[in-house]
Amino acid sequence: MTSEQITNTGSVSGDCGSAQARARTHVQAYVQTQARQNGSAKDGSATNGPARNDSAKGGPSGQKHGLQRCHAMLRPVSLRALLPWLTSIIGVASALCLVIAWFPSTVWNTPIVSSDAPAHYYFIHRLLDEGLGAALHLWPHDSFYPPLFHICAYLVIKIAALFGVQCSIYAAFNITWIIASGVIFPAGMLVLCRYFPQRWNRGNPISNPISRISQASSTSESSSVSESSNISNQQVPSAVNRQYDAASDATFVLQNLIGLFVPVLAVSSVCHPYGLLNAGPLIAFGFATSLLPFLIAATLRLFDAIAAREHIAKWLAITAVAGVVCLVAHPRIAFTYALILVPFIVLRLPWKLILGAFIAMCVGAVAFVALMLTSFKSDRWANPDSWFHSHQPSKNLWESISFCLTDGLDGFPAILFALLLIAGTAAAFVCASRRAAARASDSFSSAASTVVPVASADVDVDASTSDIAVSAADSPVSVSCPPPASHSNATDAASASSESSRLRRNDRLRDVIALTAAFLLVALVYVCTVTLVGALPNIISAPWYRDENRIMTMLPLVTLPLLVIGINALAECVSACAASASFAPSASSFSTKNSASSVPSLSSASAVSSVKNASFASNWIVLIAVFLVIAILAVSAQIVCPSRSAARDTIIAHSSLNQSDPNEQLTEQKIAVLRKVTKRTGTQATIISDPLNGSMYAETLFNANMLYPIINARTDVPSAPFGKVETAFASGDAQQVLGTVCPLTDAPEYFLTMGDQAQSLQSFPYRAQYDSFHNEELIDTYVDGGTLVKVADYSQYGQGWALYRFGCTD
């Protein structure tokens, strides 16, 4: 850029033009001074002394960096600032579209007929009836259940009402799930996956395998003995820097591809969020899983703040808030959080904090065991081998391991994902190890250079070029993953000691090891759950109820970050290796020519330029190749997805009313009966029925007051009427039945029979507690004695279906 062009850009450009003119004047004066000093040194009149700080004394170095800052101000920073946001928005919007396209349309007007669904619908219904005050005691027996998902659905209904839109419980449920799965989760995964490249590149320029030869060229030019040759060679670094900036832009674009594809890949696997909507659905745990990436990223930022000893209070507060939000979504997510964070705690924190963290984990584990022992009565606690006695392995060892490596994808996308994951992890290890070795070497060289005095400028040139030749000729692999080039201005010099101290911690290598260890831990838990049996697998998987669906959700949290750093390392190494093909001969020629004469020639600058051109080309070639590979993976994962399609088909089947079995939870006949029952009893009267026949859906379908609005009506809670009513009804004693049922409410009490329990709920472990509610002989006994009075007969819909009223005196 010429001075005229700079002047035409405005006031800032005018300042930069003035700086450029001043820099040219100072360079010329400095060249003349250096030439005289070099001539005096050759005559023996010069004496050794400490090198001058040109930046501090207003020399050409300081002017050069001032000019560089001006050039930086003229760059199109708006594009660089907007590109991460633009790619992120496009990526998250694409993920949202994928989730919406997958979502079954049949569940907008009818409920998902499954084991846990009635409870979630009921919790939202209770919030609507009683307000947000019910959030702390959502269970029918007034105990606590994680309410965050249901509060969000409640707010959706209230916000829609403000605009005059009536939103049903099912629609609010679906909207909340879509937002959590299609917006919150992919955005959180993007934040988590971007954390590692941002952390490694924070405060460092884009790494380049030939940065040292550029520095050597600049150093040799500044120490020339001829004014004309220096002025000519000053033009070379500017051209080289333009090429270097282009290579940096390629790397910048590569890093922003993360924002485009990570959200899409986050919602491409059946592991999460689709699996949990089908399994139960496990809504609260799935909502917590969608929030978890933000908590993990905030915790890692807290570790950075602790290491840097700055902004600790800020990140501690952010982490605490994120942790509370996740716990309110579902407290059991703490086990997933701890499992993934353990390697980072060990590798990133001081030993005192490591000890404190493990003490806290032990306290939490003891509290969890105490809660389980007091909440669930069992005679098998002392025999872990008998835990989960009904659990059956679902995969063999190879299937479970391959499922982890493929992140639950199918077919060709699964193979491509596994190959990228394995190759990328290996490349990340190699790259991080080489950087650690290079940084250790650089630290040693820096320490040596502060001890050995510099004789003259000529010695500096020879030493620099010799170092280049040796480093280039030693091994091509040694330049495959080089350390970032260091700044030479005064600001970086002031922070050199702290920066070198930070670099010596080998942050990248620690992160790669920690991520790999987290993946192995998750894989271990998954294999124990779906393949192995016995006491040890039971203990390891117990925090997740030995449930495959809960453990599957952890896989994207570790595989996607590993994939991102792996692709970043692969691109970095391939680009560096491509540039190293011309680096060694160019550096060798450069060293030979400068050893023959202290005056650098334009041919050496041409060698530098050719190497820069090679780096520029290789960077963009790698960028295009990586873009194509990730695009193929992301697109093919949407085309080849039988697991996701199967989950969707299952949900559609569960929400269909056309069931071949008339005793299933919901059929068209049962919908008709429940509508008639509610119309007959009203919404205030209490209706008792076996919840496993589907009657509990009347609570949210028609606003009926069901005594059993959920499947799991616990009998071991003193405040719950379930156990008392069940025990009384099974006793056959009419007085005990009426004495227990009649005081429940001031409104009438009814009893509804709708056949046997649904076959889809036979896995419910406590189903036997409701057997008395469909015992026809017992019911006939109560009818004959006047305890029950038939008020409506629905035998045209099913055998024995009828509505009875308890013979209370109200």
List for me each residue that meets salt bridge (Lys or Arg N to Asp or Glu O under 4.0 Å) alongside [X], sequence neighbours excluded, and say none if there are none.
X: Asp547; result: Arg550
X: Asp407; result: none
X: Arg126; result: Glu130, Asp142
X: Arg332; result: none

When you measure from the side chain of [X] to the backbone N and O of [Y], does any donor-acceptor pair fall under 3.5 Å?
X: Ser181; Y: Ile178; answer: no
X: Ser168; Y: Ala171; answer: yes
X: Thr531; Y: Cys528; answer: no
X: Asn568; Y: Val564; answer: no
X: Thr700; Y: Tyr122; answer: no
X: Tyr121; Y: Ile112; answer: yes

Contact check, side chains of [X] and [Y], non-hydrogen atoms, under 4.5 Å:
X: Val558; Y: Leu562; answer: no
X: Val522; Y: Leu339; answer: yes
X: Leu128; Y: His125; answer: no
X: Phe261; Y: Ser94; answer: no
X: Leu138; Y: Leu127; answer: yes
X: Thr336; Y: Trp544; answer: yes
X: Asn549; Y: Phe285; answer: no
X: Pro413; Y: Gln638; answer: no

Can you see which heavy atom on [X] is nearest to which on [Y], and at what distance?
X: Pro556; Y: Phe185; answer: CB-CZ, 4.2 Å
X: Ala432; Y: Arg508; answer: CB-CG, 3.7 Å
X: Leu302; Y: Ile312; answer: CD1-O, 3.8 Å
X: Ala187; Y: Phe294; answer: C-CZ, 3.8 Å
X: Ala288; Y: Cys326; answer: CB-O, 4.0 Å
X: Val264; Y: Ser268; answer: O-OG, 2.6 Å

Expected list for residues 352-365: side-chain donor-acceptor pairs under 3.5 angstrom, two or more places apart:
none

Reported [atom1]-to-[atom2] distance for the pair [X] and [Y], which is rounded to 0.5 angstrom:
X: Leu260; Y: Leu265; atom1: CG; atom2: CG; result: 10.0 Å
X: Phe287; Y: Ile179; atom1: CZ; atom2: CD1; result: 9.0 Å
X: Ser290; Y: Ile333; atom1: OG; atom2: CD1; result: 9.0 Å
X: Thr406; Y: Leu419; atom1: OG1; atom2: CG; result: 11.0 Å
X: Ser636; Y: Asp410; atom1: OG; atom2: CG; result: 11.0 Å
X: Thr176; Y: Ile151; atom1: OG1; atom2: CD1; result: 11.5 Å

Verdict with supporting geometry, Val107 and His654, side chain to side chain contact (heavy atoms under 4.5 Å, CB included):
CA-CA 9 Å; Val107 298; His654 285 170; over 6 Å; no
In this structure, which one of Arg510, Lys314, Arg199, Arg309 forms a salt bridge (Lys or Arg N to Asp or Glu O under 4.0 Å) with Asp304?
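The single option meeting the salt bridge (Lys or Arg N to Asp or Glu O under 4.0 Å) with Asp304 is Arg199.
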Are Tyr526 and Phe403 close enough that their ring centers fall under 6.0 Å?
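Yes, the ring of Tyr526 comes within the 6.0 Å limit of the ring of Phe403, centre to centre.
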Kindly say whether the aromatic ring centers of Tyr545 and Phe388 come within a distance under 6.0 Å.
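No, the ring centres sit 6.0 Å or more apart.
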With a sphere of 6.0 Å drawn around CH2 of Trp85, does it hold more than 12 non-hydrogen atoms of other residues, nucleotides or ligands?
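No, because the 6.0 Å sphere around CH2 of Trp85 holds 12 heavy atoms or fewer from other groups.
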More than 12 non-hydrogen atoms from neighbouring residues, nucleotides or ligands closer than 6.0 Å to CZ on Phe429, yes or no?
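Yes, enclosed.
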Apply side chain to side chain contact (heavy atoms under 4.5 Å, CB included) to residues Phe173 and Ile283 and explain how you reach the verdict.
CA-CA 9 Å; Phe173 176 97; Ile283 291 300; 3.4 Å; yes
Could you note down all residue pairs passing salt bridge (charged side-chain N to carboxylate O under 4.0 Å, His left out) where residues 628-652 supplies at least one of them, sequence neighbours left out?
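Checked against salt bridge (charged side-chain N to carboxylate O under 4.0 Å, His left out) - neighbours excluded - no pair reaches residues 628-652.
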Where do Ser269 and Phe417 land on the side chain to side chain contact (heavy atoms under 4.5 Å, CB included) test, with the steps shown first?
CA-CA 11 Å; Ser269 170; Phe417 189 96; over 6 Å; no
Side chain to side chain contact (heavy atoms under 4.5 Å, CB included) with Leu300: which of Leu295, Thr319, Leu192, Asp511?
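That would be Leu192; it is the only one of Leu295, Thr319, Leu192, Asp511 passing the side chain to side chain contact (heavy atoms under 4.5 Å, CB included) with Leu300.
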Among side-chain atoms of Thr289 and His330, is any donor-acceptor pair under 3.5 angstrom?
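Short answer, no.
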Test ring pair (Phe, Tyr, Trp, His ring centres under 6.0 Å) on Phe344 and Phe303 and set out the steps.
CA-CA 9 Å; Phe344 292 95; Phe303 292 171; 7.6 Å; no
Can you tell which of Trp177, Phe123, Trp139 makes a ring pair (Phe, Tyr, Trp, His ring centres under 6.0 Å) with His150?
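One option only clears the test, and that one is Phe123.
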Arg348/Asp507 under side chain to side chain contact (heavy atoms under 4.5 Å, CB included): CA gap, chis, key distance, verdict:
CA-CA 8 Å; Arg348 295 268 297 270; Asp507 290 342; 5.6 Å; no
